[in-house]
Amino acid sequence: MKSVDEQMELLTQGVANLIDEKDLRKKLERGKPLRAKLGVDPTSPDLHLGHSVVLEKLRQFQLLGHQAVLIIGDFTAQIGDPSGRSKTRPPLSRDDILANAKTYTDQAFQILDKDKTEIVFNGDWFNKMTFAEVIQLNAKVTMQQMLQREDFRNRIDKGQEVRLHEIQYPIVQGWDSVVVESDVELGGTDQLFNILVGRDLQKADGQEPQVVMCMPILEGLDGIQKMSKSLNNYIGVSEAPGEMFGKMMSISDELMAKYSVLLLGEAIDPEVHPMESKKSLAAKIVSRYHSGAAAAEARENWETMFSKKDLASADLPEYQIGERSDLIGVVQNAYAETFDQKKSGGDVRRLIQQGSIQLDGEKITDVKAAPSWTEGQILKLDKKRSVRILV
RNA sequence: GGGUAGUUACCGAAGCGGUCAAACGGGGCAGACUGUAAAUCUGCUGGCUAUGCCUUCGAAGGUUCGAAUCCUUCACUGCCCA
C-alpha cells in the first residue's frame, strides 16, 4: 500500500469539497482499508460521463486498497423524486428498480472493480423500520438543521411549498452512512448537505463521522447545464466509439479544458493546437470505455469524414430503403432507424428546404423529389450525419 | 376560511370577439463561415405523402355566423388577511 502522503495526494486530486483533510489523514494513518460509500438512485439507469467523475474517484479508492460500498437506493426510489420542483415521476415498480439497478451496476463496473465492490440495497433496512423507529430517527435532527439547506430555504423564501417527505431525504441518506459504517462518502457538490447529515447521524450514534468528498459537477455538451440525459447533453459510457468521439469533438474549447481536468486529471497544453488537444482527449475517453484500437479507428474515421470530407471512403452506417422511397420518407426513416432521432415530417421538410440534404454530394432542395436510389449512394442528412444507401 | 391575481406552444411572455397555429425573447434545429470550437450572420421551429386538411391557448359546458379572447362551473398555483 502507498504511503499516507501519496494517498492523500491522489485522493484529494480534483475534489471540490473535502471535509476535512485532517480527518481523512487520520483515517488513512490507521492503515486499515476505508469504507468508501456512494449512494445511487436507480431511477434512470444510463450512466454518462457526468456520473463517471465520482465513480472514477471511487475507483481510485479501490486501487489504493480500500473498500467501495455502493448503495442502491431502492427504498428512496420508491418514494419518488426527492429534491425537486420536477413533476412527480410515476413511482417505479420493484421490478423496474431491480432492472435499473442491474443496468446501472453493469455499466458502473466498466469503471469500478467488481470484486472490490460491496453492493447493498437500502430497502434492506428501511423497509423493516417501524413507524416508532422512524420517529426516533427524526428526533436525531432538528428542523433548523434541515432548513439550512439552500434549496429548502430558497423555496420557503419564495413562498413555494416544501413537502415533509423532502426534508426526510437527507435523513434517510444519512442513516445509510450509519448502517454501512462509512468512512468516506462520495458525491457531487450538490450532495454536500446530505452527506453532512450523515456525519451528524454517525456522531449521534457514537461512530466516527465520515469524511465528505464532493466532486465537481460535470457540465453537459452545451457547456452550460449539468450533464443529464433529459437535457440530451450527455455522453453515455456505453455509447459506440464513433458516437463518443464525435460528441467529444463538438464541445467548445473552454469545456474541453474542464473535461480534461475532471475526466483525465490532466490540464490542456496551451502550446498544442486546440483541435489536436481535443482529438487526443476524445481518443483517451474512447479508449477508456472501449479500447485503444477502437479509439484509433474512431479517430481515423472521424478525420476521413470531417477533415478530408471524404464520405465515400468513410465508415458510414447503412440504411436500407424501406417502403417509402420518396425523399421525405427516406430521410425521416434514416434518422429514426440509424440515429434514433425522431423527426416530424415538418422537420424533414425544413431540412430539405434549407439545404441540409445531399445525395452523393448534390444538394436536394425539392421537397417532392423522389430520387432513383441505387446501392452505395451516400445520403448526407446534416453536417454530422450521413448514411450509405442499400436498395 | 376570506380577499385577490393568475393558468397561452419546450421555457418566459404578448394577445382581451374575426386579419390567430397565435407577436416577441430564450432554447432547439438547419445553412453560411470555421477547427463538427467559439463568436457572427441567415432561415426555420403544432401535426399531416400538405396551394389544403386536422388538433391546440388549465378542464368541461354555454353565448355567437365566428371564441385564446365573453358567460358558468370545476381544478390547480401565487400573493395578502385569518
Side-chain angles (χ1 to χ4, degrees), chain A residues 84-88 154-163 219-226 228-235 239 241-260 268 270 272-283 285-286 298-311 314-316 321-336 339-358 361-371 379-386:
Chain A
R85 306 294 305 149
S86 56
K87 304 231 165 72
T88 31
N154 285 346
R155 277 153 64 186
I156 289 170
D157 289 349
K158 283 194 221 145
Q160 295 171 331
E161 66 175 30
V162 176
R163 301 248 159 194
E219 288 135 319
L221 300 174
D222 54 32
I224 301 163
Q225 289 180 279
K226 89 176 199 185
S228 83
K229 197 178 177 190
S230 55
L231 293 171
N232 195 27
N233 62 358
Y234 69 101
I235 301 182
E239 284 189 62
E243 199 74 11
M244 260 188 193
F245 196 95
K247 282 188 179 178
M248 285 302 293
M249 289 309 290
S250 74
I251 65 177
S252 72
D253 291 359
E254 202 185 323
L255 191 60
M256 161 176 80
K258 291 185 185 168
Y259 275 21
S260 183
I268 293 286
V272 178
H273 188 282
M275 190 175 65
E276 186 48 44
S277 304
K278 204 182 288 177
K279 283 181 186 172
S280 115
L281 169 66
I285 297 295
V286 173
R299 175 174 177 149
E300 204 174 301
N301 196 48
W302 187 89
E303 284 169 346
T304 315
M305 266 180 94
F306 299 111
S307 305
K308 298 179 194 148
K309 300 197 188 330
D310 179 9
L311 291 177
D315 178 22
L316 298 177
I321 301 283
E323 289 206 359
R324 289 187 62 175
S325 64
D326 60 299
L327 189 60
I328 292 182
V330 168
V331 169
Q332 196 168 17
N333 288 334
Y335 263 112
F339 297 103
D340 201 23
Q341 299 264 318
K342 286 190 207 90
K343 300 270 183 204
S344 70
D347 288 333
V348 173
R349 272 163 191 275
R350 200 169 88 223
L351 288 170
I352 296 171
Q353 280 161 352
Q354 299 194 139
S356 178
I357 308 299
Q358 292 182 18
E362 304 262 332
K363 272 190 191 179
I364 311 183
T365 50
D366 177 11
V367 175
K368 291 196 178 132
L379 181 68
K380 186 171 176 183
L381 301 175
D382 57 50
K383 202 156 63 168
K384 299 174 186 177
R385 288 176 276 246
S386 302

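To find a chain, count down the sequence lines: A is the first, B the second, and so on, and within it residues start at 1. When reading the values below, keep in mind they use all heavy atoms of this one structure, side chains included, and skip hydrogens, waters and symmetry mates. A quick note: this is a predicted structure, and the numbers were derived from the prediction, not measured.
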Let me know the distance between [atom1] of [X] and [atom2] of [N], rounded to the nearest Å.
X: A/L231; N: B/G27; atom1: CG; atom2: P; value: 14 Å
X: A/R349; N: B/G46; atom1: CZ; atom2: P; value: 14 Å
X: A/K342; N: B/U45; atom1: NZ; atom2: C1'; value: 18 Å
X: A/K343; N: B/C48; atom1: NZ; atom2: P; value: 13 Å
X: A/K384; N: B/G28; atom1: NZ; atom2: P; value: 12 Å
X: A/Q353; N: B/A30; atom1: CD; atom2: P; value: 16 Å
X: A/D222; N: B/A38; atom1: CG; atom2: P; value: 11 Å
X: A/K383; N: B/A37; atom1: NZ; atom2: P; value: 5 Å

Report which part of the nucleic acid [X] touches: base, sugar-phosphate, or nothing (heavy-atom distance under 4.0 Å, all strands).
X: A/G329; answer: nothing
X: A/K368; answer: nothing
X: A/I251; answer: sugar-phosphate
X: A/L351; answer: sugar-phosphate

Give a yes/no on whether any side-chain N or O of A/S344 is located under 4.0 angstrom from OP1 or OP2 of B/C48.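 Yes, because at least one side-chain N or O of A/S344 sits under 4.0 Å from OP1 or OP2 of B/C48.
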Between A/D326 and A/K363, which has a closest nucleotide on RNA chain B that is more 5'?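 Per heavy-atom nearest nucleotide, the more 5' residue is A/K363.
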Start at the 5' end of RNA chain B and walk down; is the nucleotide closest to A/G346 or to A/M249 reached first?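 First, find each residue's nearest nucleotide; the 5'-ward one identifies A/M249.
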Can a salt bridge be assigned to the pair A/D253 and A/K278 using a cut-off of 4.0 Å between side-chain N and carboxylate O?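 Looking at A/K278 together with A/D253, the answer is yes, because their closest N to O distance falls below 4.0 Å.
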Residues A/D326 and A/R324 bridged, charged N to O under 4.0 Å: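 The answer is yes: the pair qualifies as a salt bridge.
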Counter-base of [N], judged by Watson-Crick or G-U geometry with both distances under 3.5 Å:
N: B/U63; value: none
N: B/A50; value: none
N: B/A5; value: B/U77
N: B/U56; value: none
N: B/C33; value: none

Evaluate side chain to side chain contact (heavy atoms under 4.5 Å, CB included) for A/D382 paired with A/F339, printing each intermediate quantity in order. CA-CA 12 Å; A/D382 57 50; A/F339 297 103; over 6 Å; no
Check whether A/Y234 forms a cation-pi arrangement with A/K226 (NZ or CZ under 6.0 Å from the six-membered ring centre, at most 45° off the ring normal).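 A/K226 over A/Y234 ring: no.
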Using the [atom1] atom as the point on both nucleotides, what is the distance between [M] and [N], in whole Å?
N: B/A9; M: B/A22; atom1: P; value: 15 Å
N: B/G17; M: B/G62; atom1: C1'; value: 15 Å
N: B/A67; M: B/G18; atom1: P; value: 11 Å
N: B/U56; M: B/A21; atom1: C1'; value: 8 Å
N: B/A5; M: B/G58; atom1: C1'; value: 16 Å
N: B/A32; M: B/C24; atom1: P; value: 26 Å
N: B/U19; M: B/G66; atom1: P; value: 14 Å
N: B/U51; M: B/U4; atom1: C1'; value: 50 Å

Using 0.5 Å steps for rounding, measure from the CE atom of A/M305 to the CG atom of A/L311.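 So the gap between those two atoms works out to 5.5 Å.
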Interatomic distance, A/F245 atom CZ to A/I285 atom CD1 [nearest 0.5 angstrom]: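 Atom-to-atom, A/F245:CZ and A/I285:CD1 are 11.5 Å apart.
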Options B/G35, B/A38, B/C48, nucleotide nearest the side-chain atoms of A/M275: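 Closest nucleotide among those given: B/G35.
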Is the CD atom of A/E303 crowded by more than 12 outside heavy atoms at less than 6.0 Å?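 Buried by this count: over 12 neighbours within 6.0 Å.
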Does the B/G31 base have a donor-acceptor partner in the side chain of A/D382 within less than 3.5 Å?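 Side chain to base: no pair present.
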Is there a salt bridge (Lys or Arg N to Asp or Glu O under 4.0 Å) between A/E276 and A/R299 once you walk through the steps? CA-CA 11 Å; A/E276 186 48 44; A/R299 175 174 177 149; 3.1 Å; yes
Indicate whether the side chain of A/D315 and that of A/N301 have a donor and an acceptor atom separated by less than 3.5 Å.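 Checked: A/D315/A/N301 side chains show no N/O donor-acceptor pair below 3.5 Å.
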Measure all distances between protein nitrogen or oxygen atoms and nitrogen or oxygen atoms of nucleotides 40-43 of chain B, and list the pairs falling under 3.5 Å.
residue	atom	partner	partner atom	Å
B/G43	O2'	A/Q354	OE1	2.9
B/G43	N2	A/Q354	NE2	2.8
B/G43	N3	A/Q354	OE1	2.9

